[in-house]
Asks: 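Once you've had a glance at the structure underneath, I'll fire off some questions.
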Amino acid sequence: MKFMPRFYDSYINLVDDDLDLIAGLKATHRKFCSVKHLLEMHQNSRYAEGKWTPKDILQHVIDNERIQSYRALTFSRNDINELPGYNQNLYAKYSNAAHRSIDELLHEFVLVRDATIALFESFSEEMLHREGLCSGIRITPLALGFLNIGHAKRHFDVLEELYFNA
């Protein structure tokens, strides 16, 4: 991959090198939906004080995917304006996830992931490899697509390790 910023490589490296972008987005889509009963069982649990609940984690995955997809759209359109970062802890604090059901959150995740898939399916090869600047980091829409996969996978792994299998 031409641009894989150090900040994002921990997520992107979670994705198999030979995985197709769209196939990867579809696979993580199914993965979250397949554990609905476990999400419901642990929805308000925290594995340690101050840590996010499964609801918070799912909302964070949704929020992050929206942001990364917007960045990919912006860069694919050759917009040269630098995009800002975001504070994930503020987003989590003000997300209202605690007052939502797992059904609502999974429904939103499915809608956002379907929109992400449609967005990335619309990109040409050239568009996928255009680069943009976000918080001083140069990155391509292609890398952001794989970031969406790796980020969701990382948080799914956290759910499995610290909530479902604890």
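As the structure is a computational prediction, the values presented were derived from the model and not from experiment.
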Asks: Measure the shortest side-chain to side-chain distance between Arg66 and Glu108 over non-hydrogen atoms and say whether it is less than 4.5 angstrom.
Replies: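 Counting from C-beta outward, Arg66 and Glu108 do come under 4.5 Å.
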
Asks: Students often mix this up, so state it plainly: with edges at 30° and 60°, are the rings of Phe164 and His42 parallel, tilted or perpendicular?
Replies: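 Judged by the thresholds at 30° and 60°, the geometry between Phe164 and His42 is tilted.
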
Asks: I need the minimum non-hydrogen distance between Leu39 and Pro54, along with the two atoms involved.
Replies: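 Heavy atoms of Leu39 and Pro54 come nearest at CD2-CB, 4.1 Å.
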
Asks: Is there a path of hydrophobic side-chain contacts, each under 4.5 Å between heavy atoms, that joins Leu73 and Ile62?
Replies: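 They do not share one cluster, since no chain of ILVMFWY contacts under 4.5 Å joins Leu73 to Ile62.
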
Asks: Indicate the atoms forming the closest heavy-atom contact of Pro84 with Arg71, along with that distance.
Replies: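 Nearest pair, atom of Pro84 first, then Arg71: O-NH2, 3.1 Å.
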
Asks: Shortest non-hydrogen contact from Glu125 to His129?
Replies: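 Of all heavy-atom pairs spanning Glu125 and His129, the closest is O-CD2, 2.9 Å.
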
Asks: Donor-acceptor pairs under 3.5 Å, side chain of residues 109-121 to any protein atom, not counting sequence neighbours: which ones?
Replies:
{"unit_1": "Arg113", "atom_1": "NE", "unit_2": "Glu65", "atom_2": "OE1", "d": "3.2"}
{"unit_1": "Arg113", "atom_1": "NE", "unit_2": "Glu65", "atom_2": "OE2", "d": "2.7"}
{"unit_1": "Arg113", "atom_1": "NH1", "unit_2": "Leu25", "atom_2": "O", "d": "2.7"}
{"unit_1": "Arg113", "atom_1": "NH1", "unit_2": "Thr28", "atom_2": "OG1", "d": "2.3"}
{"unit_1": "Arg113", "atom_1": "NH2", "unit_2": "Glu65", "atom_2": "OE1", "d": "2.7"}
{"unit_1": "Asp114", "atom_1": "OD1", "unit_2": "His29", "atom_2": "NE2", "d": "3.1"}
{"unit_1": "Thr116", "atom_1": "OG1", "unit_2": "Glu65", "atom_2": "OE2", "d": "2.7"}
{"unit_1": "Thr116", "atom_1": "OG1", "unit_2": "Ser69", "atom_2": "OG", "d": "3.2"}
{"unit_1": "Thr116", "atom_1": "OG1", "unit_2": "Val112", "atom_2": "O", "d": "3.0"}

Asks: Do Ile139 and Leu133 belong together in a cluster built from hydrophobic side chains that touch within less than 4.5 Å?
Replies: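 Different clusters.
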
Asks: Does Glu160 form a salt bridge (charged side-chain N to carboxylate O under 4.0 Å, His left out) with Lys31? I'd like the steps, not just the answer.
Replies: CA-CA 11 Å; Glu160 279 192 315; Lys31 208 169 188 179; 5.3 Å; no

Asks: So, for Ala72 and Leu144, which heavy atoms are closest and what is the spacing to 0.1 Å?
Replies: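 The pair with the smallest heavy-atom distance is N-CD1, 3.5 Å.
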
Asks: Determine which pairs satisfy ring-ring contact (aromatic ring centres under 6.0 Å, His included) with at least one residue from residues 61-86, sequence neighbours left out, and list them in order.
Replies: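 For residues 61-86: Tyr86-Tyr91.
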
Asks: Nearest 0.5 angstrom please: Leu142 CG to Ser76 OG, how far?
Replies: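 Taking CG in Leu142 and OG in Ser76, the distance rounds to 12.0 Å.
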
Asks: In Å, rounded to the nearest 0.5 Å, how long is the span from CZ of Arg130 to OG1 of Thr140?
Replies: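 If I round to the nearest 0.5 Å, the distance is 12.0 Å.
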
Asks: Measuring from Ser45:OG to Lys55:NZ, what's the distance to the nearest 0.5 Å?
Replies: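 NZ of Lys55 is found 10.5 Å from OG of Ser45.
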
Asks: Any side-chain to backbone donor/acceptor pair from Asp56 onto Thr53? Under 3.5 Å, distance only.
Replies: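 Flag set: sc Asp56 to bb Thr53 pair under 3.5 Å.
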
Asks: More than 12 heavy atoms of other residues, nucleotides or ligands under 6.0 Å from NZ of Lys51: is that the case?
Replies: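 Not buried by this count: 12 neighbours or fewer within 6.0 Å.
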
Asks: Check the pair Asp63 / Gln59 against side-chain hydrogen bond (donor to acceptor under 3.5 Å, both in side chains), numbers first and verdict last.
Replies: CA-CA 6 Å; Asp63 290 347; Gln59 184 67 65; 3.0 Å; yes

Asks: Before giving the answer on side-chain contact (heavy atoms from CB on, under 4.5 Å), spell out for Asp103 and Glu40 the whole-Å C-alpha distance, their side-chain angles and the decisive distance to 0.1 Å.
Replies: CA-CA 9 Å; Asp103 276 337; Glu40 288 174 333; 4.1 Å; yes

Asks: Identify the two heavy atoms, one from Gln88 and one from His60, that lie closest to each other, and give their separation to 0.1 Å.
Replies: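 Taking every non-hydrogen atom into account, OE1-CE1, 3.2 Å.
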
Asks: With a 4.5 Å heavy-atom cut-off, do Phe32 and Leu58 have their side chains touching?
Replies: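 The answer is yes, as the side chains (C-beta and beyond) meet within the 4.5 Å cut-off.
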
Asks: Taking a hydrophobic cluster as the set of Ile, Leu, Val, Met, Phe, Trp and Tyr residues connected by side-chain heavy atoms closer than 4.5 Å, whether directly or through intermediates, do Phe156 and Leu21 fall within one such cluster?
Replies: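 Different clusters: Phe156 never reaches Leu21 through Ile, Leu, Val, Met, Phe, Trp or Tyr contacts under 4.5 Å.
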
Asks: Would Phe123 and Ile67 show up in the same hydrophobic cluster when neighbours are defined by side-chain heavy atoms closer than 4.5 Å?
Replies: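 Not linked; separate clusters.
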
Asks: State the CG-CG distance between Asn165 and Leu159, to the nearest 0.5 angstrom.
Replies: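 Output value for this atom pair is 10.5 Å.
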
Asks: If you group Ile, Leu, Val, Met, Phe, Trp and Tyr by side-chain heavy-atom gaps below 4.5 Å, do Trp52 and Met41 land in one group?
Replies: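 Per the 4.5 Å side-chain linkage, Trp52 and Met41 are co-clustered.
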
Asks: Using 0.5 Å steps for rounding, measure from the OG atom of Ser122 to the CE atom of Met127.
Replies: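 So the OG of Ser122 and the CE of Met127 are separated by 5.5 Å.
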
Asks: For Val158 versus Ile57, what's the shortest heavy-atom pair and its separation?
Replies: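 Closest approach of Val158 to Ile57: CG1-CD1, 4.3 Å.
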
Asks: Nearest 0.5 Å, what's the CD1-CD distance between Ile137 and Glu82?
Replies: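 The distance works out to 9.5 Å.
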
Asks: Can you name the residues that form a side-chain contact (heavy atoms from CB on, under 4.5 Å) with Asn87, not counting sequence neighbours?
Replies: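 Asn89, Leu90.
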
